[in-house]
Amino acid sequence: MSRLAQTEGLTDIQREILSTVRDFVDKEILPVATELEHRDEYPTAIVEGLKELGLFGLMIPEEYGGLGESLLTYALCVEEIARGWMSVSGIINTHFIVAYMLKQHGTEEQKEYFLPKMALGEIRGAFSMSEPGLGSDVSAITSKAVRDGDEYVLNGQKMWLTNGGTSTLVAVLCRTGDAQEGVAPHKAMTTFLIEKEPGFGEVRPGLTIPGKIDKMGYKGVDTTELIMDGLRIPADRVLGGMPNRGFYQMMDGVEVGRVNVAARGSGVARRAFELGVAYAQQRHTFGKPIAQHQAIQFKLAEMGTKVEAAHAMMVNAARKKDSGARNDLEAGMAKYLASEYCKEVVEDAFRIHGGYGFSKEYEIERLYREAPMLLIGEGTAEIQKMIIGRRLLEEYRTQD
């Protein structure tokens with residue numbers, strides 16, 4: 001077990017779950033991850049193994065067939081899975097954001113219908129907020145839903161759906177009102193629960209999932225667009241049953257997603273450290289292992305410290321959310337720090353490998369292409385800084 005990234009105060013059940021996930025990563029993910037990633041192949045066998053472990057129901061309440069575990073337990077499992085292959089953690093992340101949104105905001109009928117099947121992995125979740133011209137400005141979405149009797153008619157184009165092809169349930173944010181003077185744009189948005197067939201092309205009438213987007217890294221998991229053209233959705237598939245609450249529901253889910261990204265950053269950084277510290281003891285220059293050179297020891301010291309700091313902030317953010325308290329400050333800090341530190345630790349491990357780090361034969365090459373996605377996913381560093389800055393000003397506001 002790693003000396004780094006240990007978590008105090010875990011229950012016996014949490015430790016047992018983490019030990020099981022860690023063994024699964026070591027035996028089932030690490031040996032095949034690089035090969036599957038180079039082929040951009042969906043990890044079907046790995047996903048089936050996660051289903052058998054009950055990971056798809058980890059945070060779903062026991063009354064709906066899940067394990068009823070905390071966000072902290074989930075984040076620590078994600079950290080372990082990302083250490084094996086970050087793409088696999090992405091597959092379960094979007095699933096859990098949708099499950100969390102249903103648990104927190106869904107009607108009882110929606111919970112009873114979706115959550116038991118999601119706990120078994122029979123329904124796979126994805127969520128969709130971004131659009132091709134949107135960037136970080138969620139209030140500027142143009143996808144629109146118009147009420148027509150007992151249905152809504154949806155039109156628009158969405159972008160960057162993780163699990164876009166393999167999912168069977170997508171939570172989609174659409175505008176449900178026209179801009180009005182004095183009414184904030186985010187108060188006219190609604191989240192729709194859209195069921196679909198897995199695969200690509202027209203997956204239900206009015207809904208098309210084009211092919212996978214070819215990416216630099218983060219391969220294996222399918223990332224897609226989503227096109228709605230006259231898509232009809234029953235009104236009872238509005239999340240929570242009431243329109244115009246979608247922005248708040250999505251932001252609540254994104255806070256969970258940011259803890260997840262922090263966990264992924266911590267996991268990838270820990271794997272990069274493991275690779276770097278091992279290689280530094282195997283590679284010899286000037287008559288001794290490079291680990292004995294002070295310059296390399298300094299790098300290892302910095303890398304280990306960053307791994308530990310990222311893990312600690314991620315744990316703090318997860319525990320804050322589990323307490324029921326507002327955690328946008330902690331989640332933003334954790335996501336920002338962990339993703340930046342992940343990039344830096346991976347690059348240092350890459351440098352320790354020297355020329356071999358540039359070879360696809362070595363695992364660090366894969367990590368070097370995967371780390372940049374964490375700088376963007378669930379909000380860029382600049383967005384995190386805006387959130388952090390505004391929240392700090394709220395906390396430290398001086399008297400006028």
Side-chain angles (χ1 to χ4, degrees), residues 94-95 97-115 117-118 123-134 137-210 224-254:
T94 51
H95 176 85
I97 290 176
V98 177
Y100 173 82
M101 290 168 62
L102 273 161
K103 181 184 75 170
Q104 294 297 109
H105 306 288
T107 65
E108 192 54 43
E109 184 274 333
Q110 290 168 351
K111 294 176 187 178
E112 291 177 356
Y113 179 80
F114 288 113
L115 289 179
K117 297 174 185 176
M118 295 185 79
I123 288 179
R124 306 273 182 82
F127 83 111
S128 178
M129 201 163 46
S130 186
E131 297 182 358
L134 191 61
D137 185 8
V138 179
S139 65
I141 66 170
T142 59
S143 295
K144 194 166 185 178
V146 177
R147 185 74 182 249
D148 183 17
D150 292 333
E151 296 180 317
Y152 282 86
V153 181
L154 280 57
N155 289 281
Q157 183 178 4
K158 293 293 186 177
M159 193 70 175
W160 306 119
L161 273 76
T162 300
N163 288 345
T166 49
S167 61
T168 51
L169 172 66
V170 187
V172 178
L173 186 66
C174 291
R175 186 171 300 284
T176 43
D178 296 321
Q180 300 177 32
E181 187 174 351
V183 178
H186 61 269
K187 293 184 177 180
M189 298 181 189
T190 300
T191 302
F192 292 89
L193 301 169
I194 301 176
E195 297 173 84
K196 70 177 188 65
E197 292 296 319
F200 302 99
E202 189 173 51
V203 292
R204 67 175 284 173
L207 180 65
T208 299
I209 304 291
T224 73
E225 299 173 69
L226 178 148
I227 299 171
M228 301 173 289
D229 184 10
L231 172 64
R232 289 186 169 271
I233 299 296
D236 64 5
R237 286 300 178 254
V238 168
L239 179 61
M242 295 290 290
N244 301 325
R245 297 179 179 177
F247 180 83
Y248 303 101
Q249 295 164 347
M250 282 279 179
M251 290 303 105
D252 191 20
V254 165

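Remember, it's a predicted structure, so these values are computed and weren't measured experimentally. In this chain, numbering begins with 1 at the start of the sequence shown.
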Margin query: Given 3.5 Å as the limit, does a donor-acceptor pair link the side chain of E131 with the main chain of S143, or not?
Written below: yes

Check: In Å and rounded to the nearest 0.5 Å, what is the CG to CZ distance from N163 to F127?
Finding: 10.5 Å

Item checked: Heavy-atom neighbours of E197 CD exceed 12 at 6.0 Å -> no

Checklist line | Separation of E195 CD from R204 CZ (nearest 0.5 Å) | finding: 7.0 Å

Check: Heavy-atom distance under 4.5 Å between the side chains of T191 and H105, does that happen here?
Finding: no

Check: Between R147 (side chain) and G149 (backbone), is there a donor-acceptor pair under 3.5 Å?
Finding: yes

Next item on the list: Say whether, by atom type as modelled, one donor and one acceptor occur between the side chain of K144 and the main chain of G156 under 3.5 angstrom.
Entry: no

Check: Salt bridge or not for R237 and E151, using N-O below 4.0 Å?
Finding: no

Notebook entry, point to check: Considering only heavy atoms from C-beta outward, does the side chain of K103 approach that of Y100 to under 4.5 Å?
Noted result: yes

Next item on the list: For residues M118 and I123, determine if any side-chain heavy atom of one lies less than 4.5 Å from a side-chain heavy atom of the other.
Entry: yes

Next item on the list: Would you confirm whether Q104, through its side chain, and D252, through its main-chain N or O, come within 3.5 Å as a donor-acceptor pair?
Entry: no

Item checked: D229 CG: over 12 foreign heavy atoms closer than 6.0 Å -> no

Item checked: Heavy-atom pair of closest approach, residues I227 and P210 -> CD1-CG, 3.9 Å

Notebook entry, point to check: Short question: side chain of K158, backbone of M228 - any donor-acceptor pair under 3.5 Å?
Noted result: no

Note to self: Does the structure place the NZ or CZ of K117 under 6.0 Å from the centre of the six-membered ring of Y113, at an angle of no more than 45° from the ring's axis?
What the structure shows: yes

